[in-house]
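Structure record follows, encoded as structure tokens.
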Amino acid sequence: MNNEIGSAFLERDTVTVARELLGNYLCRCGTASDSTQRWVITEVEAYDGPEDKACHAHRGKTPRNAVMFGPAGFYYVYLCYGMHWLLNIVTGPVDYPAAVLIRGVGAVRGPGRTTKALGVDKTFDQQPVCKQTGLWLEQSERSLPAEAIQATPRIGIDYAGPIWARKPYRFVID
DNA sequence: TAAGTGATCTCT
DNA sequence: GAGATCACTTAA
């Protein structure tokens, strides 16, 4: 069975992609073993374009966030607070900086703990979302009922001002 | 509730 | 080069 999620899914509207990623699988083929791990995506946040003051790209292109300006279907991984890797998936068209932050998979809560559980670090930055990298997305056979999804404001971005800090761009499975 | 932690960005 | 900032976690 191959339900691999590709760029056709990811290059759509960022908020839509974030919401629809819930309930699908983030898959990891570890280097330590041959087994494949499949994690249900339970918590995500959308960072949508240059207008979004909470998005790292809202102040323009820099070496760190350049991958967000590229095509959908690539990882944007960066170090936060000196100790946590945060995993994002680039979405939307070329030259439109947007990404979806993976905040939680399975029973793991918190973006830093998620990357630790998956063994994700800087080496995945700017890598394509596909099986060859050892980290990819698979569609679930069953779609999630709409009432299982909760939308809330994003976490830890109060600096973005009331307008953007209050946008309901965080999605969690109830 | 507070502090640890280091890359990145914005000034000099 | 120096200083501020930060999409977090853990231990009290």
Side-chain angles (χ1 to χ4, degrees), chain A residues 5 9-24 26 28 37 39-93 95-129 133 135-137 149-174:
Chain A
I5 292 175
F9 182 98
L10 298 170
E11 66 196 5
R12 298 173 300 152
D13 171 70
T14 308
V15 176
T16 303
V17 171
R19 191 170 54 229
E20 294 190 8
L21 273 177
L22 287 180
N24 292 306
L26 182 61
R28 179 82 169 101
Q37 303 170 329
W39 303 81
V40 179
I41 298 171
T42 55
E43 186 178 356
V44 297
E45 281 180 9
Y47 288 86
D48 188 21
E51 303 285 310
D52 184 353
K53 289 192 169 52
C55 180
H56 282 173
H58 89 273
R59 309 240 291 149
K61 199 180 204 173
T62 70
R64 181 177 63 163
N65 65 29
V67 66
M68 277 201 286
F69 289 80
F74 286 78
Y75 293 114
Y76 169 44
V77 181
Y78 81 100
L79 188 66
C80 187
Y81 296 104
M83 50 187 100
H84 304 296
W85 296 108
L86 267 60
L87 174 65
N88 301 252
I89 295 168
V90 175
T91 63
D95 285 334
Y96 186 81
V100 173
L101 169 68
I102 306 296
R103 289 189 61 91
V105 294
V108 181
R109 289 301 164 111
R113 307 192 69 196
T114 297
T115 52
K116 189 179 177 186
L118 291 167
V120 166
D121 63 16
K122 183 77 179 166
T123 62
F124 282 92
D125 189 38
Q126 305 184 37
Q127 293 296 307
V129 179
T133 60
L135 185 68
W136 70 99
L137 297 166
I149 297 176
Q150 276 191 359
T152 79
R154 292 171 292 185
I155 305 296
I157 52 149
D158 288 345
Y159 65 88
I163 303 288
W164 290 99
R166 289 175 193 164
K167 290 267 185 189
Y169 280 2
R170 171 173 176 258
F171 301 99
V172 300
I173 293 180
D174 198 4

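- Atom OH of A:Tyr75 is separated from atom CG of A:Leu87 by 6.5 Å, given to the nearest 0.5 angstrom.
- In this structure a side-chain-to-backbone donor-acceptor pair under 3.5 Å is missing from A:Arg170 to A:Glu43.
- The NZ-C1' distance, from A:Lys122 to B:dG6, rounds to 12 Å in whole Å.
- Paired runs in DNA chain B that reach 3 or more consecutive Watson-Crick or G-U pairs, where each pair keeps both distances under 3.5 Å, cover B:1-4 with C:8-11, B:6-11 with C:1-6.
- The distance from the CG atom of A:Leu101 to the CD1 atom of A:Ile157 is 10.5 Å, given to the nearest 0.5 Å.
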Using a 4.0 Å cut-off on protein heavy atoms (strictly under), produce a 5'-to-3' string for nucleotides 5-12 of chain C with B for base contact, S for backbone-only sugar-phosphate contact, and - for none. -BBBSS--
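- A:Arg64 and A:Tyr76 get closest at one heavy-atom pair: O-CE1, 3.3 Å.
- When atom types are taken as modelled, the side chain of A:Arg154 and the backbone of A:Lys167 share no donor-acceptor pair closer than 3.5 angstrom.
- A:Arg12 pairs with exactly one of A:Val15, A:Thr16, A:Thr14, A:Leu10 by the side chain to side chain contact (heavy atoms under 4.5 Å, CB included) rule, that one being A:Thr16.
- Side-chain atoms of A:Thr42 do not come within 3.5 Å of backbone N or O of A:Ile173 as any donor-acceptor pair.
- Close to B:dT8, at under 4.0 Å from its OP1 or OP2, lies no side-chain N or O of A:Lys61.
- With values rounded to the nearest 0.5 angstrom, A:Ile5 atom CD1 is found 8.5 Å from A:Ile89 atom CD1.
- A:Glu45 contributes a side-chain N or O that, together with a main-chain N or O of A:Ile155, makes up a donor-acceptor pair within less than 3.5 Å.
- Under the 3.5 Å distance criterion, the side-chain polar atoms of A:Asn65 are matched with a main-chain donor or acceptor of A:His56.
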Detail all sub-3.5 Å separations between protein N/O atoms and N/O atoms belonging to nucleotides 10-12 of chain B.
residue: B:dT10; atom: OP1; partner: A:Arg59; partner atom: NH2; Å: 3.4

